[in-house]
Amino acid sequence: MKTKTLITATITLILLLAPRLVMAHQLEFGIFELREAEPGIFNVLFRYSGSEHAPVAGEPTLPAHCKALGMITDNMTSNGMSARWKADCGEQGLEGSEITVAGIAQTHAQVLLRVISAGGQVHEAMLDAKHPAETIGGEMSEASSVGLQYGSLGVEHILTGIDHLLFVLALVLLVGSGRKLLGTITAFTVGHSITLALSALDIVRVASAPTEALIALSILLVGAELLRDPDAPKTLTQRYPGLISATFGLFHGLGFAGALREIGLPQGEIPTALFSFNVGVELGQLLFVGALIPVLALARHFAGERAPVITRWGAFALGSVASFWFWERIAATFA
C-alpha cells in the first residue's frame, strides 16, 4: 500500500509540474555580431531568444563614438528579439573599444559576441553575468570558438529538454540494453539529425505548436507499448523499434531546430555551428542514456519480482504527462 501511495503521489506531482516542465528546454542565448563591411562601417546583428521569465537579456551597447546609420530594423517576439542596423565607428573602428549588453549582468543569459574584421579575422567572447563586457584588441584571433559554444548549447538543450529525455527513457524501457538499444538510439539520431539540418537551414519550416504536439504523441505511443501484455503478439514497434525511433526522430529534430532557429546561426560559420549543435545534442543524449542504464539496472535489482509492476506504473506516468502535453499543445495550435 505504501508503494502504491508513493507512486500515485509522484505521478500527481509530475502532472502538477508539467506546465512548467514543458517549457524547460528554452535557452536564454543570443548573438551580437559586428561584421566590418568597409573600414569603420559595421553591419550589426543582435538576436536573442529568452525564456518566459527573461524575455530579453538587455540592450546591445556600442562604444560612444559609434553612430547608428539609418533605421534599426527589429523584430520583437514574446520571448526575444532580432535587430539589424549599420554603425559608423570612424577611423578608430572598434580597436581598444568596450562592447557590452546593458543589463546582462542581472540575468542568467549568455550572448556570443563576434567581431569580424574586413579582412575576415574573428574576435569572439561570451558575454554573461560574470563577463558582461569585452574590450576588442588590435590583434584579432583567427581561431573561432563557435564550435565549442554551439556544442555546449546542444548539450544544454537536450539535458534540459524534458520531453526529449522522456522519449529516450521510454525507448530504453521498451528495448532494454545491449546491441538492440544501440541500434534504436542510432536510428533516433539519424532521424532527428536530418530534420534538424533541414529546418535550421530553413529548407523545411513547420509550425512549432503541432511539432511539439507530435513530440508529445511519440512519448504517449511508446508509453502505450510498455503497457502491452508481454505474451501478446509483437507489434510493429516491438519488432522494429529502430524504424519507429527514426520516424519519431524526424519530429524531435524539428523541435531541436526550433530552438536553434530562435537562437540563430552565425553568418559564415553556419556549417560549424549546425554540426557542433548536433554533436552536442548527441553527446548529451549519450550522457543521459549512460547514466540511465545503471540506475534502471539497480532499480530492477532491488525491485525483484515487482520490477514489471514498477515498469507499468512508470509507463502510466509517462503516458499521463505526454497526454497532458499533447492536448495542451493541440490547444495552442488552434489558439
Side-chain angles (χ1 to χ4, degrees), residues 27-50 55-77 80-107 109-153 200-202 260-274 276-277:
L27 301 175
E28 296 179 26
F29 185 79
I31 295 177
F32 190 6
E33 185 175 273
L34 299 98
R35 185 179 295 271
E36 191 174 27
E38 55 185 278
I41 305 297
F42 291 84
N43 292 322
V44 185
L45 165 67
F46 181 74
R47 181 180 289 127
Y48 179 77
S49 175
V56 179
E59 181 180 354
T61 305
L62 296 178
H65 67 273
C66 294
K67 307 298 181 184
L69 299 177
M71 297 292 291
I72 296 177
T73 303
D74 58 27
N75 179 31
M76 295 292 295
T77 65
M81 67 170 293
S82 178
R84 294 178 182 270
W85 71 97
K86 285 183 177 292
D88 183 356
C89 297
E91 295 182 2
Q92 179 182 343
L94 294 175
E95 180 180 349
S97 301
E98 184 179 85
I99 299 177
T100 185
V101 175
I104 195 172
Q106 286 74 50
T107 72
Q110 293 179 307
V111 174
L112 176 63
L113 172 66
R114 304 187 75 230
V115 179
I116 303 99
S117 72
Q121 293 175 305
V122 178
H123 183 108
E124 290 186 342
M126 184 62 73
L127 303 182
D128 54 25
K130 294 182 179 179
H131 183 70
E134 174 74 4
T135 299
I136 307 302
E139 293 294 326
M140 291 187 178
S141 171
E142 295 284 356
S144 171
S145 62
V146 164
L148 178 62
Q149 301 300 341
Y150 274 78
S152 299
L153 282 171
L201 294 174
D202 219 19
L260 186 58
R261 193 166 50 242
E262 288 180 2
I263 293 167
L265 294 168
Q267 296 300 312
E269 298 276 5
I270 290 177
T272 300
L274 182 58
S276 300
F277 185 83

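If you read the sequence from its start, that first residue is 1, and numbering goes on from there. Computed over heavy atoms, backbone and side chain alike; hydrogens, waters and symmetry mates excluded.
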K.L.:
Is any side-chain heavy atom of Val101 closer than 4.5 Å to one of Tyr48?
P.N.:
no
K.L.:
Rounded at 0.5 Å granularity, tell me how far OG1 in Thr100 sits from CD in Glu134.
P.N.:
10.5 Å
K.L.:
Can any side-chain N or O of Glu36 pair as donor or acceptor with the backbone N or O of Ser117 at less than 3.5 Å?
P.N.:
no
K.L.:
List the atom of Phe42, the atom of Gly93, and the distance in Å for their closest heavy-atom pair.
P.N.:
CE1-CA, 4.4 Å
K.L.:
List the atom of Cys89, the atom of Leu94, and the distance in Å for their closest heavy-atom pair.
P.N.:
SG-CD2, 3.8 Å
K.L.:
Check whether any side-chain heavy atom of Pro63 sits under 4.5 Å from a side-chain heavy atom of Ile99, and report yes or no.
P.N.:
yes
K.L.:
Drop me the distance from Glu59's CD to Thr61's OG1, to the nearest 0.5 angstrom.
P.N.:
5.0 Å
K.L.:
With sequence neighbours left out, what residues match His65 under side-chain hydrogen bond (donor to acceptor under 3.5 Å, both in side chains)?
P.N.:
none
K.L.:
Could you state the interatomic distance from CZ (Arg84) to CZ (Arg47), rounded to the nearest 0.5 Å?
P.N.:
5.5 Å
K.L.:
In Å, rounded to the nearest 0.5 Å, how long is the span from CG of Leu45 to CZ of Arg35?
P.N.:
9.5 Å
K.L.:
Taking all atoms of both residues into account, what is the closest heavy-atom pair of Ile104 and Leu127, and its distance?
P.N.:
CD1-O, 3.4 Å
K.L.:
Would you call the rings of Phe29 and Tyr150 parallel, tilted or perpendicular, taking 30° and 60° as the class edges?
P.N.:
perpendicular
K.L.:
Any idea which heavy atoms bring Ala105 and Pro132 closest together, and the distance?
P.N.:
CB-CB, 4.4 Å
K.L.:
Before you tell me yes or no, could you show the steps for Val44 and Phe32 under side-chain contact (heavy atoms from CB on, under 4.5 Å), namely the whole-Å CA-CA distance, both residues' side-chain angles and the distance that decides it to 0.1 Å?
P.N.:
CA-CA 7 Å; Val44 185; Phe32 190 6; 3.7 Å; yes
K.L.:
Identify the residue among Asn43, Leu62, Ile136 that makes a side-chain contact (heavy atoms from CB on, under 4.5 Å) with Leu34.
P.N.:
Leu62
K.L.:
Picking from His123, Glu124, Gln149, what satisfies side-chain hydrogen bond (donor to acceptor under 3.5 Å, both in side chains) with Arg114?
P.N.:
Glu124
K.L.:
Let me confirm one number: the CD-OG distance from Gln110 to Ser152, rounded to the nearest 0.5 Å.
P.N.:
8.0 Å
